[in-house]
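Note: hydrogens, waters and symmetry copies are ignored here, and every other heavy atom, side chains too, is used. As the structure is a computational prediction, the values presented were derived from the model and not from experiment. Positions are given from 1 along the sequence.
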Amino acid sequence: MNNYKEAAEYVKRIIGERNPKIAIILGSGLGVLSDEFVNEVIIPYREIPGFPISTVEGHAGELIIGTLNNVEIIAMNGRFHYYEGYDLKEITFPERVFKLLGIETLIITNAAGGINLSYKAGDFMVINDQLSFFAESALRGKNEEEFGERFPAMEDLYDKELIKVAKEIINKYTAGRAQEGVYAYMKGPTFETPAEIRALRTLGADAVGMSTVPEAVVAHHAGIKICGISCITNMGSGILDEPLSNEDVVRTANLVKGEFKEIVKELIAKIDAK
Ligand code: HPA
């Protein structure tokens with residue numbers, strides 16, 4: 001608890017009077033949003049007491065606090081993944097700091113592989129639920145009562161109203177490429193096997209990725225509203241007749257980044273207006 005407080009106090013000292021209510025985690029290749037901030041303050045993770053440091057290529061490691069579309073927000077430019085070697089408490093450290101800073105809504109973005117056969121690379125899927133059978137919970141261990149209860153209910157993990165709003169906005173900016181579905185969490189760093197993709201489809205997954213679930217669980221535990229958006233950067237392993245590579249992920253993320261920026265800007269304005 002003290003570590004979270006120390007980190008939050010450090011950030012507060014730097015941002016002074018600013019009082020953002022919305023935070024966003026920028027997923028792989030989606031850090032482009034950082035160009036759009038006005039009056040921003042950038043705080044490298046390494047300067048924040050207790051914050052882990054981002055290592056993976058394509059992920060910066062900084063908090064950006066600034067105004068986007070006239071709304072004050074905090075962005076995580078670079079996130080922490082299990083496959084990098086962090087433990088779950090490190091991966092989800094920022095969400096608890098956000099809670100202490102007064103964040104009410106968290107937008108989580110990621111790159112994901114499509115499992116639903118009606119999806120195409122370049123679609124955006126609004127997450128309506130998640131599967132994480134094969135990973136331990138980020139809430140394992142002593143419960144931090146100051147944040148939330150021991151056994152959180154999960155029916156409303158992804159905020160229903162925000163799902164509707166996000167889909168409308170995505171459809172507007174992508175000529176109808178909004179999807180809505182279930183995100184399956186895999187620990188990586190291998191892409192899935194074709195058999196895993198078939199199994200996940202049978203289990204009810206529409207997309208798969210290596211992030212988001214730990215952060216969503218910890219933010220939800222603390223009572224933060226969540227909106228999750230996956231950029232479908234590729235079809236899951238074995239679906240198309242070609243091997244997967246991270247280059248495909250980066251290429252698609254680059255192709256849609258203009259749309260992504262507009263979607264997020266409008267989403268933030270809509271959340272702020274509520
Ligand atoms: N699998 C897991 N994570 C991913 C994928 C995928 O196909 N694409 C982007 N992130």
field: For Leu101 against Ala8, the heavy-atom pair lying closest together
entry: CD2-O, 3.6 Å
query: Once you round to the nearest 0.5 Å, how far does NZ of Lys265 lie from NZ of Lys270?
result: 14.0 Å
- line: Nearest heavy-atom approach of Ala166 to Val126 is CB-CG2, 4.0 Å
Lys89 side chain vs Ala138 backbone, donor-acceptor pair below 3.5 Å: yes
- prompt: With no hydrogens and no angle check, is any side-chain donor or acceptor of Glu262 less than 3.5 Å from a backbone partner on Glu259?
  reply: no
query: Can you tell me if Arg140 uses its side chain to pair, donor with acceptor, with the backbone of Ser137 under 3.5 Å?
result: no
task: Nearest 0.5 Å please: distance from the OH atom of Tyr158 over to the CD1 atom of Ile108.
output: 5.5 Å
- request: Please confirm whether the backbone N or O of Ile65 pairs with a side-chain atom of Arg18, one donor and one acceptor, at under 3.5 Å?
  value: yes
- prompt: If every non-hydrogen atom of Asn143 is compared with every non-hydrogen atom of Glu149, which pair is closest and at what distance?
  reply: ND2-C, 3.3 Å
message: Quick one: does any side-chain atom of Thr109 pair with a main-chain N or O of Gly27 as donor and acceptor, under 3.5 Å?
response: yes
task: Flag the pair Ile163 / Lys167 as yes when at least one side-chain heavy-atom distance between them is below 4.5 Å, and no otherwise.
output: yes
field: Nearest atoms (heavy-atom pairs only) where Gln130 meets Ala216
entry: OE1-CB, 3.9 Å
Ion pair check, Glu168 and Lys172, cut-off under 4.0 Å: no
- prompt: Hey, are the side chains of Ile103 and Lys21 touching, using non-hydrogen atoms and a 4.5 Å cut-off?
  reply: no
task: Would you check, one step at a time, whether the test side-chain hydrogen bond (donor to acceptor under 3.5 Å, both in side chains) holds for Lys5 with Asn2?
output: CA-CA 5 Å; Lys5 283 186 178 150; Asn2 287 339; 5.1 Å; no
Full working for side chain to side chain contact (heavy atoms under 4.5 Å, CB included) between Val256 and Arg177: CA-CA 11 Å; Val256 302; Arg177 300 203 315 279; 3.9 Å; yes
message: Please evaluate residues Leu88 and Glu136 with respect to the criterion side chain to side chain contact (heavy atoms under 4.5 Å, CB included), reporting the C-alpha separation (whole Å), side-chain torsions for both, the decisive distance (0.1 Å), and the verdict.
response: CA-CA 9 Å; Leu88 289 157; Glu136 72 190 40; 3.2 Å; yes
task: Starting at CE of Met186, measure out to CG of Leu200 and round the result to the nearest 0.5 Å.
output: 5.0 Å
task: Identify the two heavy atoms, one from Ser237 and one from Leu244, that lie closest to each other, and give their separation to 0.1 Å.
output: N-CD1, 3.8 Å
- request: For the pair Thr105 and Leu162, evaluate side chain to side chain contact (heavy atoms under 4.5 Å, CB included) and give the outcome as yes or no after the intermediate values.
  value: CA-CA 10 Å; Thr105 308; Leu162 290 178; 3.8 Å; yes
- prompt: So, Lys274 and Glu161, do they make that salt bridge, N to O below 4.0 Å?
  reply: yes
- prompt: Do the non-hydrogen side-chain atoms of Ile107 and Ile25 ever get within less than 4.5 Å of each other?
  reply: no
field: Heavy-atom pair of closest approach, residues Val249 and Ala111
entry: CG1-CB, 3.8 Å
field: Between CG on residue Leu157 and CD on residue Glu155, distance to nearest 0.5 Å
entry: 10.0 Å
query: Any donor and acceptor pair, going by atom type alone, linking the side chain of Asn171 with main-chain N or O of Ala178 inside 3.5 Å?
result: yes
task: Answer yes or no: is there a donor N or O on one side and an acceptor on the other, between the side chain of Tyr45 and the main chain of Gly78, under 3.5 Å?
output: yes
field: Heavy-atom side-chain proximity of His220 to Ile226 below 4.5 angstrom
entry: yes
field: ring-ring contact (aromatic ring centres under 6.0 Å, His included) contacts in which one or both residues fall within residues 89-126, not counting sequence neighbours
entry: Tyr4-Phe93, Phe51-Phe93
message: Working to the nearest 0.5 angstrom, can you tell me the gap between Asp129 CG and Glu180 CD?
response: 10.0 Å
message: Using a 6.0 Å cut-off, check whether atom CD of Glu47 has over 12 heavy atoms from anything other than its own residue.
response: yes
field: Interatomic distance, Leu33 atom CG to Lys257 atom NZ [nearest 0.5 angstrom]
entry: 12.0 Å
- prompt: Are Phe133 and Val208 grouped together when hydrophobic residues (ILVMFWY) are joined by side-chain heavy atoms under 4.5 angstrom apart?
  reply: yes
- prompt: Judged by atom type as modelled, is there a donor-acceptor pair below 3.5 Å linking the side chain of Asn69 to the main-chain atoms of Val71?
  reply: no
Set of residues satisfying side-chain contact (heavy atoms from CB on, under 4.5 Å) with respect to Asn110, sequence neighbours excluded: Arg79, Ala112, Ile127, Tyr183, Ser211, Thr212, Ser230
query: Does a side-chain heavy-atom distance below 4.5 Å link Arg201 with Asn116?
result: no
- request: Could you tell me whether the side chain of Lys261 reaches within less than 4.5 Å of the side chain of Asp35, counting heavy atoms only?
  value: yes
query: Leu267 versus Cys227: any side-chain heavy-atom pair under 4.5 Å?
result: yes
message: With a 3.5 Å distance limit and no angle check, can you tell me whether Asp248 reaches the backbone of Ser245 through a side-chain donor-acceptor pair?
response: yes
message: Strictly distance-based, threshold 3.5 Å: is any side-chain N or O of Thr67 a donor or acceptor partner for the main-chain N or O of Asn70?
response: no
More than 12 heavy atoms from other groups under 6.0 Å of CD on Glu145: yes
query: Does the side chain of Ile48 reach to within under 4.5 Å of the side chain of Leu63, using non-hydrogen atoms?
result: yes
message: Does Met210 form a side chain to side chain contact (heavy atoms under 4.5 Å, CB included) with Phe191? I'd like the steps, not just the answer.
response: CA-CA 9 Å; Met210 305 175 195; Phe191 283 116; 4.0 Å; yes
query: When hydrophobic residues are tied together by side-chain contacts of less than 4.5 Å, even through go-betweens, does Leu255 share a cluster with Val250?
result: no
